[in-house]
Amino acid sequence: MTIIGKHYVGLVLFSMGCLVAVIHTMSTCEIHNEESANCTGRNLTKVPKDLPANLTCLDLSYNSVDASDPENSRRLQALGNLVFLNLSNNHIPTLNREIFMSLKMLKVLDLSNCKIDMLHPMAFKGLISLHSLILKNNRIKDLAPRFLSDMQALSILDLKNNKLTIVTIQLLEKFEEIHEVRLQGNSWVCDCALYPLQKWLMLQLDHAEEIHCVSPPDLQGKNLLNLDLSPVSCLQTSERFPRYAGPGNSTMANDVINQTSGAPTTEGEKAWHYLVAVLVIAISFSVLIAIGAKFKLFHKYLTSYSHQLLPEQDVGSQDNDAVSVSIAHSSEMEEVRDQTMFPPEGLEEDDGYIEDNYIETEVKAEDEQEMHISI
């Protein structure tokens, strides 16, 4: 074979290779047993519409597929048997509401390197079987606690290398139900607002991870677990509030300190709170019982007390009685005075003892005089 012939053969082989590469690029996906589809690196902008309905694994990585596009979302939700979905290295700046609603069998969802800026709180609604959610290497700045509401089976949450600066107490309470949460490489601002996260990390004994500060500058690169961000330290050092620096923001800093008091507590602290609550309830019941007994005795006293008005008498009869009584009283006084000044003859001096007959005689005489005067 001549040299020219060899060149022709090489050119033909090179052309055939390029054709195969072009055909491979232009083909949609590689389907295996109608259960797995490999669509990686195909320059796709849409989810292929000719995918088998019973697919369990779908790899759409390294494309330009926007899952929030209504058409793409509709095609994905038609694959209700999916267990594994890889959408990494696509361009999905915003995850809209309920874009995976029908994928109730899905266990693994990879959304890494998708340039996600906005994450709707209900974006993952319906993913009741999801085991692993990978959101690393995005631009997520904020997370609402509700975004984990439907994922009761979630065991791994990867949030590495995003733009998070703070995690709320409500979100940390959700994290407690997840076996592994990865938070390294975020834009952590190590001030007092990060104290709840610090305390939560201290309780993760099985897989404690190193969280490094990005700001303030004097703490850049420091391990969050090695800092003192307790409320007492924050009150003494105003430099712990870089994100709230500025005139008129001192009250905002105090609010942050108050918020840190709600950080996750240990079992001992919870038991102490329960004991205080029981004591308060017991004392309250005792006071209520005492008040009830007092009111019962007071009510009994009121019911036992009874009174009635004096009977009314004729005004004329009352006046006559008053006159007769006054006349009788004056006559008695005169008689007593006469007897005292001029005692009857034959009577001995009073020795201090009064005989019964004398008393009876005097009483009878007084009665007769009263009767006579009244007549």
Side-chain angles (χ1 to χ4, degrees), residues 121-122 125 128 142-154 157 165-179 181 183 189-206 208 211 224-225 227-241 243-245 247-311:
M122 306 301 290
K125 184 176 176 59
I128 57 177
D142 187 29
L143 291 173
R146 289 186 300 165
F147 97 98
L148 294 170
S149 58
D150 276 11
M151 295 181 285
Q152 304 297 329
L154 193 63
L157 175 61
T165 61
I166 189 174
V167 178
T168 63
I169 295 174
Q170 293 79 9
L171 191 58
L172 289 174
E173 291 175 352
K174 295 287 186 180
F175 285 174
E176 291 181 356
E177 303 172 1
I178 303 174
H179 178 70
V181 180
L183 298 170
V189 180
C190 294
D191 58 10
C192 293
L194 215 60
Y195 175 66
L197 175 61
Q198 184 189 54
K199 194 168 185 180
W200 180 81
L201 289 172
M202 291 178 179
L203 298 177
Q204 309 306 307
L205 301 178
D206 296 336
I211 300 295
L224 177 62
L225 294 177
L227 302 178
D228 183 8
L229 300 179
S230 62
V232 176
S233 176
C234 289
L235 286 173
Q236 297 174 351
T237 309
S238 59
E239 295 177 358
R240 299 298 187 186
F241 299 99
R243 76 182 78 197
Y244 302 112
N249 287 340
S250 58
T251 56
M252 191 178 299
N254 292 330
D255 293 340
V256 171
I257 294 175
N258 294 332
Q259 184 185 14
T260 59
S261 61
T265 56
T266 60
E267 295 296 330
E269 291 174 338
K270 292 181 179 179
W272 172 254
H273 293 165
Y274 294 150
L275 178 60
V276 172
V278 170
L279 290 176
V280 170
I281 292 173
I283 293 173
S284 300
F285 272 109
S286 301
V287 172
L288 290 175
I289 292 172
I291 292 174
K294 290 290 184 181
F295 274 108
K296 186 175 181 181
L297 292 175
F298 183 67
H299 179 71
K300 184 177 180 182
Y301 172 75
L302 288 178
T303 54
S304 64
Y305 176 75
S306 62
H307 64 280
Q308 59 183 1
L309 297 175
L310 294 174

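Computed from a prediction, not measured in an experiment: that's the story for all the values here.
The distance from the CZ atom of F175 to the CG atom of L201 is 10.0 Å, given to the nearest 0.5 Å. One finds the CD atom of E177 at 9.0 Å from the CG atom of L148 (value rounded to the nearest 0.5 Å). Note: T168 OG1 to K174 NZ = 10.5 Å, rounded to the nearest 0.5 Å. One finds the OG atom of S149 at 6.5 Å from the NZ atom of K125 (value rounded to the nearest 0.5 Å).
Scanning all heavy atoms of the two residues, the minimum distance from L225 to Q198 falls at CD2-O, 4.0 Å. The nearest pair of heavy atoms linking Q170 to P145 is CB-CG, 3.6 Å. A pairwise comparison of heavy atoms in P231 and Y195 identifies CD-CE2, 3.9 Å as the closest pair.
The main-chain N or O of A144 is never found under 3.5 Å from a side-chain atom of D142 such that the two would form a donor-acceptor pair. With hydrogens and angles disregarded, no donor-acceptor distance shorter than 3.5 Å links the side chain of Q152 to the backbone of I128.
Just one residue in the list L183, I169, I166, L171 forms a side-chain contact (heavy atoms from CB on, under 4.5 Å) with L197, and that residue is L183.
When side chains are defined from C-beta on, L194 counts as touching L224, because their heavy atoms get closer than 4.5 Å. For the pair V167/L143, no side-chain contact is recorded, criterion being any heavy-atom separation below 4.5 Å from C-beta on. A 4.5 Å side-chain heavy-atom check between W200 and E176 finds at least one atom pair inside the cut-off.
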Quick one: side chains of residues 279-289, donor-acceptor pairs under 3.5 Å with protein atoms, not counting sequence neighbours, listed by atom name and distance.
{"unit_1": "S284", "atom_1": "OG", "unit_2": "V280", "atom_2": "O", "d": "2.8"}
{"unit_1": "S286", "atom_1": "OG", "unit_2": "A282", "atom_2": "O", "d": "3.0"}

